[in-house]
S.K.: 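I'd like to ask some things about the structure below.
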Amino acid sequence: MSQFPEKGHPKGLAVLFATEMWERFNYYGMRAVLVLFMTKALLVDKAFASNLYGSYTGLIYLTPLIGGFVADRFWGNKRSIITGGIIMAIGEFILFFCASLYSTDAGLANFLFYTGLGFMITGNGFFKPNISAMVGQLYPKGDRRIDPAYTIFYMGINTGGAIGPIVCGYLGDTGNPADFKWAFLAGGIAMLLSVLVQKLYQDKFLVDPEGKQLGNVPDDSPKATLKPVFILIGLTALAALMIGLLYIDATIFSFLSYLLIGAVLVIGGYIFSDKSLTGIEKKKVAVIFTVSFFVVFFWSAFEQAGASLTFFADSQTDRTLGSYTIPTSFFQSLNSIYVVGLAPLFAWLWLALKKNEPASPTKMAIGLALLALGYVWIAYGVQSAVPGKLVSMIWLIGMYGLHTSGELCLSPIGLSLVNKLAPAKFASLLMAVWFLANAAANKLAGVLSALYPENGKVTQFLGYQMTNLYDFFLLFVIMSGIASLLLFLITKRLQTIMKM
Ligand code: GLN
């Protein structure tokens with residue numbers, strides 16, 4: 001049988017599915033215990049853990065810009081994926097050592113903690129953009145199967161995202177802080193499995209419709225960039241830079257948000273001052289910037305999952321089921337479980353609506369509204385709770401269902417929207433803007449999670465005071481609610497430009 005049936009999908013998709021699944025197992029499994037490890041083993045407070053979570057996940061979305069660039073010019077996708085995967089596995093193993101000796105050598109554990117995270121950031125930068133790019137390359141240009149292929153790939157992401165927190169949580173989030181190390185070890189092993197699958201099958205199955213290997217080193221790549229010494233020095237320097245940036249942003253001066261905003265402004269200025277762009281092209285670019293702005297509100301509220309919502313699951317939620325207490329980290333797999341369950345439903349819904357299927361900006365506004373609704377649900381849950389008693393887990397379970405429905409309206413559209421609207425000349429640069437928006441959103445998620453009010457602590461954001469969890473969740477209702485409303489108001493205008 002040919003590897004490229006006209007119907008069905010090439011076998012390469014199964015390889016990318018498995019590689020990505022194990023990598024996301026590693027990423028989300030580790031993230032499920034990250035703030036718990038910080039607050040229960042490293043004994044930092046919730047605000048510090050939140051800020052560091054934001055710095056870490058913010059940088060995670062920044063390095064793909066570097067990894068994508070290096071792959072295009074020098075290494076090709078395959079080499080970048082393998083290299084990134086190995087660096088991430090090393091990162092997890094460093095965290096394993098950190099979690100093994102935090103009680104005996106706090107100084108060394110602290111150093112290893114930043115080092116491990118810096119390696120995760122560096123490795124992810126080479127892995128994530130390149131594996132995503134390879135999915136589309138398996139098909140002829142414009143093939144109808146590309147969109148479904150990305151949907152299948154998204155299932156791979158979320159299969160890993162569902163299993164990772166459960167396995168890593170089961171092993172590491174036991175109530176004994178000395179066990180966190182097993183979560184990192186499991187993450188590292190999963191990452192090695194990802195690299196192994198990729199290495200074993202990439203040359204045979206990652207081929208284009210003509211059977212030509214994909215993702216190889218570009219023909220015009222300077223030979224020096226492939227020398228092991230060069231690679232080792234380059235990667236060490238990059239990892240050192242990431243460790244330094246993470247450390248500075250989390251402990252000395254929070255510069256990341258300014259850097260990201262600055263980068264977007266510079267790129268915007270550069271593109272809009274280009275004389276060769278037509279008026280219509282500029283309008284389309286403006287749509288990309290507008291939509292990127294709105295997704296910041298979405299992800300910064302959504303990504304509370306790994307921070308404030310984990311604190312909430314840990315200390316305010318009744319997690320007992322009969323005589324069993326569900327580990328806090330398990331709640332982080334709910335989003336992925338919902339994606340696997342709900343994605344087919346949404347796919348069916350859009351098809352069933354036929355001509356009435358909402359346009360992309362409208363879907364995004366609906367996504368933001370569903371996110372706001374999720375926070376309304378949980379805000380109601382904490383308000384109606386009996387003081388001093390833990391709340392039912394139904395509030396978190398319902399909220400994640402609404403959040404995921406929002407994600408399924410908003411997330412799959414983003415990348416294709418950028419692809420469609422960007423003038424060819426600035427395609428990569430505008431993709432960078434999209435990543436920068438995600439990075440900014442994740443950083444902001446950490447900053448907002450640091451406002452988690454507890455034990456009489458009063459926090460405030462832009463003049464809005466929060467004295468309890470109800471006020472805190474209401475902040476996200478207001479934020480995403482207003483963003484949704486504004487986006488609804490301008491959808492007509494955006495749609496007109498998109499059709500130009
Ligand atoms: N959960 C998805 C992933 O990990 C999407 C996350 C995002 O785009 N912010 O790939």
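Remember, it's 1-based here, ligands and their atoms both numbered in the order they're listed.
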S.K.: In a check of ring-ring contact (aromatic ring centres under 6.0 Å, His included) between Phe126 and each of Trp75, Phe69, Phe74, which one passes?
M.R.: Trp75

S.K.: May I have the N/O to N/O pairs between ligand 1 and the protein that fall below 3.5 Å, each with atom names and distance to one decimal?
M.R.:
unit_1   : atom_1 : unit_2 : atom_2 : d
ligand 1 : 1 (N)  : Tyr28  : OH     : 3.0
ligand 1 : 4 (O)  : Arg24  : NH1    : 2.8
ligand 1 : 4 (O)  : Tyr28  : OH     : 2.6
ligand 1 : 9 (N)  : Tyr61  : OH     : 3.1
ligand 1 : 10 (O) : Lys128 : NZ     : 2.8

S.K.: Check the angle between the aromatic planes of His403 and Tyr400 and answer parallel, tilted or perpendicular using the 30° and 60° thresholds.
M.R.: perpendicular

S.K.: So which pairs with a foot in residues 363-375 pass side chain to side chain donor-acceptor pair (under 3.5 Å), sequence neighbours left out?
M.R.: Glu357-Lys363

S.K.: Hydrogens and angles aside, do Gln198 and Thr19 bring a side-chain donor and acceptor to less than 3.5 Å of each other?
M.R.: yes

S.K.: What pairs of donor and acceptor atoms, side-chain ones from residues 287-298 against any protein atom, are under 3.5 angstrom apart with sequence neighbours left out?
M.R.:
unit_1 : atom_1 : unit_2 : atom_2 : d
Thr290 : OG1    : Ala286 : O      : 2.6
Ser292 : OG     : Ile288 : O      : 2.7

S.K.: Quick one: list whatever passes side-chain hydrogen bond (donor to acceptor under 3.5 Å, both in side chains) with Lys420, sequence neighbours left out.
M.R.: none

